[in-house]
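Worksheet for the structure shown next.
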Amino acid sequence: MTREKPKNLWLSRWGFILAATGSAVGLGNIWKFPYITGEYGGGAFVLMYLACILAIGIPVMMTEIALGRRGRGSPIDAIGRVVRENGGNPAWKAVGGMAMLAGFLILCFYVVVAGWAFAYTWKMLDGSLAAPSVEALGAVFEAHNASPLQLGGWSVLVALLTLLIVGKGVQAGVERAFRWMMPGLAVMLLALVGYAWTNGSFGRGVAFLFSFDASRLTGEAFLAALGHAFFTLSLASGAILTYGSYIPDGQSIARTTFIVAIADTCVALLAGLAIFPVIFANGMDPSAGPGLIFMSLPLAFQQMPFGTLFGVLFFAMVSVAALTSAISMIEAVVAYLNEKYGISRPRAAFGAGSVLLVISLSAMLSFNVGADWKLFGMTLFDGLDYLTSRWMMPLGGILMAVLAGYCLRGEILREELGLSPAGHALWLFMVRYVSPVLILMVFLHALGWLGFDPLARWYWIAGAIGVLAVAGELFRPRGLKAQARV
Ligand code: TRP
C-alpha cells in the first residue's frame with residue numbers, strides 16, 4: 001500500500017518544534033501547575049509530575065507523533081490508515097475520536113482561563129490591579145468572576161481569536177508568531193524569577209517546590225500528576241498527533257520530543273520559582289486554588305521598578321501562550337472536518353466554534369449564576385477539567401501505548417521513530433510495560449479497586465511491571481517477534 005502523501009507540512013525544520021512547544025507551553029504551565037502544586041503540597045507532587053513526564057509523557061508523545069506522521073492526517077484518519085496498513089482492527093479509530101473530543105472539551109474551559117489572562121493584561125493597564133494586598137487582589141478576582149458579562153466577554157474574545165487563526169491555517173500564521181513569542185516568554189519569566197529572588201521568600205519557595213515529603217506521595221496526588229503530565233504536553237487530545245502529521249519525513253522524532261518536553265518542564269518550574277516566593281513573602285496560602293497567580297503576581301508587579309510595564313508584558317505573554325495552546329486544541333477537529341468532508345477551514349472553524357461558544361459560556365457561568373449547578377458535586381467548569389485530565393487523556397494514553405506496543409507491526413514504528421537499537425528497545429519497554437501499568441494502577445486506585453495506596457507500595461508497581469515484562473517476553477504473540485529483534 002502506498003503511503004498517504006502529506007498535504008501540509010511545516011515550513012521549516014523548526015516548525016513542529018515551535019508549534020508543539022507553543023501547544024505545550026500554556027496556561028497549564030503558568031496557571032495550573034503552580035496552583036495544583038500548591039494544592040497537593042509541593043515537592044512530592046513535583047517529583048511525581050516529573051516522573052510521569054519521563055515514564056509516560058515522553059514515550060506516549062513519541063508514539064503520538066509517529067502515528068500522526070505515519071498516517072498523515074487528523075487523529076481518526078491517521079490512526080485508521082496506520083491500522084489499515086497493518087491489517088488491524090479499524091475500531092482503533094475510536095481512540096482518535098476520543099482524543100479529538102478531549103481536546104475540544106478542554107478548549108471549552110480553557111478559553112475561560114485564557115480570558116482571565118487577557119482581562120488581566122487590560123486591568124494591569126487601567127490601574128484596577130493597584131490593590132494593596134493579596135486579599136484586595138482576591139476581591140478584584142472575585143468581582144471579575146461575579147460578572148457574567150465581563151467573564152463571558154473575554155472568553156468569547158479568546159474563542160473568536162482562536163477560531164480566526166485556525167480558520168486561516170496553522171502553518172503560516174502560527175509558525176511565524178511562535179518565533180518571537182517563545183523567547184519573549186522565557187525572558188519575562190526569568191525577570192519574574194529575578195524579582196522573586198531579590199524580594200520574595202526565595203528559600204521557602206524553593207523548599208516548597210523541591211523538598212520532598214514522603215507522606216504526601218498519595219495515590220490521589222499521583223492521579224493529579226499523571227493527568228497534568230498529559231495536559232501540559234497536550235497529549236492524547238489530538239493536538240500533538242495532528243501537528244505531528246505535518247512533520248517532514250526524516251526529522252528525528254525522539255530529539256524533537258525531548259526538546260519540547262524539556263522546554264515545557266522548564267517553563268513550569270520557572271513559573272513555580274517566580275510565584276511561590278511571592279506567595280510566601282506575602283503570607284498567602286499556596287493552596288488558594290485557580291486564582292493563585294491572579295492574586296499573587298499583580299502584587300509583585302506593583303512593587304517592582306517598571307512594574308506596570310512588566311505586568312502588562314507578562315499577562316500579554318500568558319495570553320499569547322494560551323492562544324497558541326487553544327489553537328492546537330481545535331486544530332484536530334478542523335483538520336478532520338476539512339479532510340473528511342471537504343469543508344473549508346474557515347467554515348469548519350465556524351461550525352466547531354458555535355458549539356464551543358455554547359459550552360464555554362455555560363462553563364463560564366460556573367463562577368457566578370451557575371455556581372450551584374452541580375453534577376457529582378462539581379460545577380461544569382470543574383467537571384470538564386476533571387473528566388478530561390483524570391479520565392479521557394490517561395485512557396487515550398494507555399490505548400495509544402497498547403496500540404503501538406502490542407498491536408502494530410514493529411517495522412512501521414521502527415521506521416518512523418528511527419531510533420538506535422537500544423533506544424528503540426527502551427521506547428518499546430516503556431510503551432509496553434511501564435506506561436500502561438502505571439496508568440492502569442492509577443485508574444484502579446481512583447476506582448477504589450486497589451485497597452492500598454499504590455505509592456506507599458513502590459514494589460507493587462515494580463513487581464507488576466516485572467511480571468508483565470517477563471510474561472510478555474515468554475508468551476509474545478507471533479506477530480511481535482519481528483518487532484523485538486533488534
Ligand atoms: N498544553 C497546554 C498547556 O499546558 C494545554 C493544551 C494545549 C492542551 N493543547 C492541548 C491540553 C490539548 C490538552 C490537550 O496549557
Side-chain angles (χ1 to χ4, degrees), residues 8-33 53 57-58 61 64-65 68-69 103-104 106-107 110-111 113-114 117-118 121 158-159 161-189 228-248 251 253 255-271 313-335 349:
N8 293 307
L9 286 180
W10 297 108
L11 306 177
S12 67
R13 225 172 62 79
W14 283 90
F16 174 81
I17 296 182
L18 287 167
T21 311
S23 168
V25 173
L27 296 164
N29 309 62
I30 299 166
W31 161 74
K32 200 174 180 191
F33 172 72
I53 296 273
I58 289 177
M61 188 162 179
E64 238 187 90
I65 299 175
R69 184 165 78 180
F104 188 77
I106 288 167
L107 185 60
Y110 204 81
V111 293
V113 184
F118 276 77
T121 314
V158 177
L161 277 173
T162 307
L163 297 172
L164 201 75
I165 301 176
V166 173
K168 277 187 181 303
V170 166
Q171 280 85 0
V174 171
E175 211 172 324
R176 261 176 226 130
F178 285 153
R179 274 169 210 261
W180 57 266
M181 207 208 78
M182 298 315 303
L185 189 67
V187 171
M188 299 300 309
L189 273 174
H228 188 64
F230 278 98
F231 186 88
T232 193
L233 293 177
S234 310
L235 296 178
S237 54
I240 292 297
L241 199 151
T242 310
Y243 279 0
S245 76
Y246 308 143
I247 303 185
Q251 192 169 329
I253 290 180
R255 186 167 339 123
T256 309
T257 300
F258 275 97
I259 294 176
V260 176
I262 290 172
D264 184 73
T265 306
C266 287
V267 173
L269 294 178
L270 282 178
L313 282 177
F314 176 77
F315 282 113
M317 283 290 170
V318 175
S319 306
V320 181
L323 201 60
T324 55
S325 299
I327 292 164
S328 74
M329 292 178 206
I330 201 171
E331 170 66 16
V333 176
V334 171

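Just so it is clear, the structure is predicted and the values come from calculations on it, not from any experiment.
Here the CZ atom belonging to F314 is positioned 7.5 Å from the CG atom belonging to L185, to the nearest 0.5 angstrom. The CD1 atom of I53 sits 8.0 Å away from the CG atom of L235 when rounded to the nearest 0.5 Å. Rounding to the nearest 0.5 Å places CD1 of I165 at 4.0 Å from CD1 of I327. If you take CD1 on I17 and OG1 on T257, they are separated by 9.0 Å, rounding to the nearest 0.5 Å.
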Subject >> Full working for side-chain contact (heavy atoms from CB on, under 4.5 Å) between I240 and L233 >> reply: CA-CA 8 Å; I240 292 297; L233 293 177; over 6 Å; no

Original post:
Going through the distances and angles, do S234 and S23 end up as a side chain to side chain donor-acceptor pair (under 3.5 Å)?
Top reply: CA-CA 7 Å; S234 310; S23 168; 2.8 Å; yes

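Under the 4.5 Å side-chain criterion, counting only non-hydrogen atoms from C-beta, F33 is not in contact with T232. Within the 4.5 Å cutoff, the side chain of Y110 has heavy atoms near those of the F231 side chain.
Remark: the backbone N or O of L323 is not paired with any side-chain donor or acceptor of T162 at under 3.5 angstrom. In this structure, N29 contributes its side chain and D264 its backbone to a donor-acceptor pair below 3.5 Å.
Summarising the geometry of L189 relative to A271, their closest heavy-atom pair is CD2-CA, 4.1 Å, with the distance given to 0.1 Å. Closest of all the heavy-atom pairs between Q251 and R69 is O-NH1, 3.0 Å. E64 approaches L241 most closely through the heavy-atom pair OE1-N, 3.2 Å. Scanning both residues, G22 and T324, for their nearest heavy atoms gives O-OG1, 3.0 Å. Taking each heavy atom of L27 and A114 in turn, the nearest pair found is CD1-N, 3.5 Å. Nearest heavy-atom pair across G244 and I65 is CA-CG2, 4.1 Å.
Ring orientation note: the planes of Y246 and Y243 are tilted relative to one another, at an angle of 30° to 60°.
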